[in-house]
Amino acid sequence: MAESVRNTLAVMKEHGVKRKVVLGTNGVGSSRANGGWFFKSIVDRSNLKITFDDHYEVQKLLEAEAGIDVDFKWVDVRATGLDNGEKKEVKEFGNEGKGVGWFIISRKSVAGFLLDAVEGSQWDRQTPVNLELEVLHKGSCHCKKVNLEVLHSPDIELSECNCSICSMKGFLGFVVEKSALKSLRGEENLEVYKFGTGTAQHMFCKCCGISPLTVPRSYPEGYNINYRCLARDNVRSVNVTPRDGQNWEQEMAKEIVGKH
């Protein structure tokens with residue numbers, strides 16, 4: 001990608017074109033800190049490092065050109081995982097992408113954002129990380145002694161894990177950043193169960209036994225929210241994907257590769 005950008009910059013210079021917008025990926029440059037330890041470990045120890053280094057080289061090329069030509073404007077849009085869903089409203093998380101997590105955005109939504117970046121100047125010489133619009137979802141355990149509010153897309157991608165505990169609980173989850181959990185009332189009624197590596201924290205109400213959320217092993221920096229505990233008022237659509245939690249390491253590596 002860096003080589004193609006280098007070539008197009010040369011042609012742009014010949015024809016006096018002063019604006020370039022490119023599509024990069026979350027996890028590069030200033031947004032690298034969003035990935036968490038497992039993501040960084042996979043990238044640094046696999047061929048993905050070549051891809052991420054290439055994306056970062058693109059940013060450096062654009063910055064260098066802007067340093068030479070003060071009239072040159074660029075935007076390096078950083079998207080999260082992509083799918084083929086419909087175009088939706090997009091939220092922008094700044095250059096560092098704080099709070100964006102590793103969630104899916106449709107290619108059509110990204111294309112709309114890219115066009116806005118071409119036609120406007122709001123993100124000039126920036127690396128905005130984007131995700132689709134979020135709404136407030138409310139939920140609780142069965143006895144309602146534990147209540148939560150979480151900010152997330154109205155279109156929810158769910159994972160149905162077949163690990164020993166999720167399959168027993170019937171947990172249908174989606175992972176969010178900890179900052180997306182806007183309120184958790186009745187936390188004193190939650191007990192925590194750990195097993196295996198002890199990384200995951202399986203929280204359940206000590207009164208009714210229901211688990212509205214956990215801290216997942218795959219992303220201990222966030223929460224895994226139990227969709228079955230949510231009200232459906234702000235849910236527009238759901239999609240359920242099986243997850244092979246019985247072979248956790250292989251499944252996590254496959255998911256990270258699949259997003260890029």
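The basis for the numbers below is simple: all heavy atoms, side chains too, and nothing from hydrogens, waters or symmetry mates. Residue indices begin at 1 and follow the sequence shown.
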Under 3.5 Å donor-acceptor pairs involving side-chain atoms of residues 165-176, not counting sequence neighbours:
{"unit_1": "S167", "atom_1": "OG", "unit_2": "C163", "atom_2": "O", "d": "2.7"}
{"unit_1": "S167", "atom_1": "OG", "unit_2": "S164", "atom_2": "O", "d": "3.4"}
{"unit_1": "K169", "atom_1": "NZ", "unit_2": "S211", "atom_2": "OG", "d": "3.4"}

Between the side chain of N226 and the main-chain N/O of L213, is any donor-acceptor distance below 3.5 Å? no
Salt-bridge criterion met for K73 and D124 (N-O under 4.0 Å): no
Path from L114 to L82 over hydrophobic side-chain contacts below 4.5 Å: yes
Within the structure provided, determine whether S106 and N84 are in side-chain contact (heavy-atom separation under 4.5 Å). no
Pairing of E63 and K60 as salt bridge, 4.0 angstrom limit: no
Do Q59 and R78 meet the criterion of a side-chain donor-acceptor pair at a distance under 3.5 Å? yes
Parallel, tilted or perpendicular for F195 and Y193, by the 30°/60° rule? parallel
Strictly under 6.0 Å, is that where the ring centroids of Y227 and H137 end up? no
With no hydrogens and no angle check, do the side chains of S30 and R32 hold a donor and an acceptor under 3.5 Å apart? no
When you measure from the side chain of K20 to the backbone N and O of V17, does any donor-acceptor pair fall under 3.5 Å? no
Partner set under salt bridge (Lys or Arg N to Asp or Glu O under 4.0 Å) for E65, not counting sequence neighbours: K13
Quick one: does any side-chain atom of N239 pair with a main-chain N or O of I156 as donor and acceptor, under 3.5 Å? no
Would you find a donor on one side and an acceptor on the other, under 3.5 Å apart, between the side chain of D54 and the backbone of M1? yes
Residues K145, E188: salt bridge by 4.0 Å N-O rule: no
So which heavy atom on S218 is nearest to which on R243, and how close? OG-NH1, 3.8 Å
Is any side-chain N of the basic residue among D233 and K138 closer than 4.0 Å to the acidic one's carboxylate O? no
Return yes if some donor-acceptor pair links the side-chain N/O of E177 with the main-chain N/O of S179 below 3.5 Å, else return no. no
So does T127 get a backbone contact from the side chain of N95, meaning a donor-acceptor N/O pair under 3.5 Å? yes
Measure the shortest side-chain to side-chain distance between R125 and W74 over non-hydrogen atoms and say whether it is less than 4.5 angstrom. yes
Spell out, as yes or no, whether a donor-acceptor pair under 3.5 Å connects the side chain of E92 to the backbone of V129. no
Around atom NZ of K144, are there more than 12 heavy atoms of other residues, nucleotides or ligands at under 6.0 Å? no
Indicate yes or no for a side-chain donor-acceptor contact from S159 to the backbone of C161 under 3.5 Å, with no hydrogens or angles considered. no
Is I105 close to D83 at the side-chain level, that is, under 4.5 Å between some pair of heavy atoms? no
State, with a plain yes or no, whether a side-chain heavy atom of V150 is found less than 4.5 Å away from one of L136. no
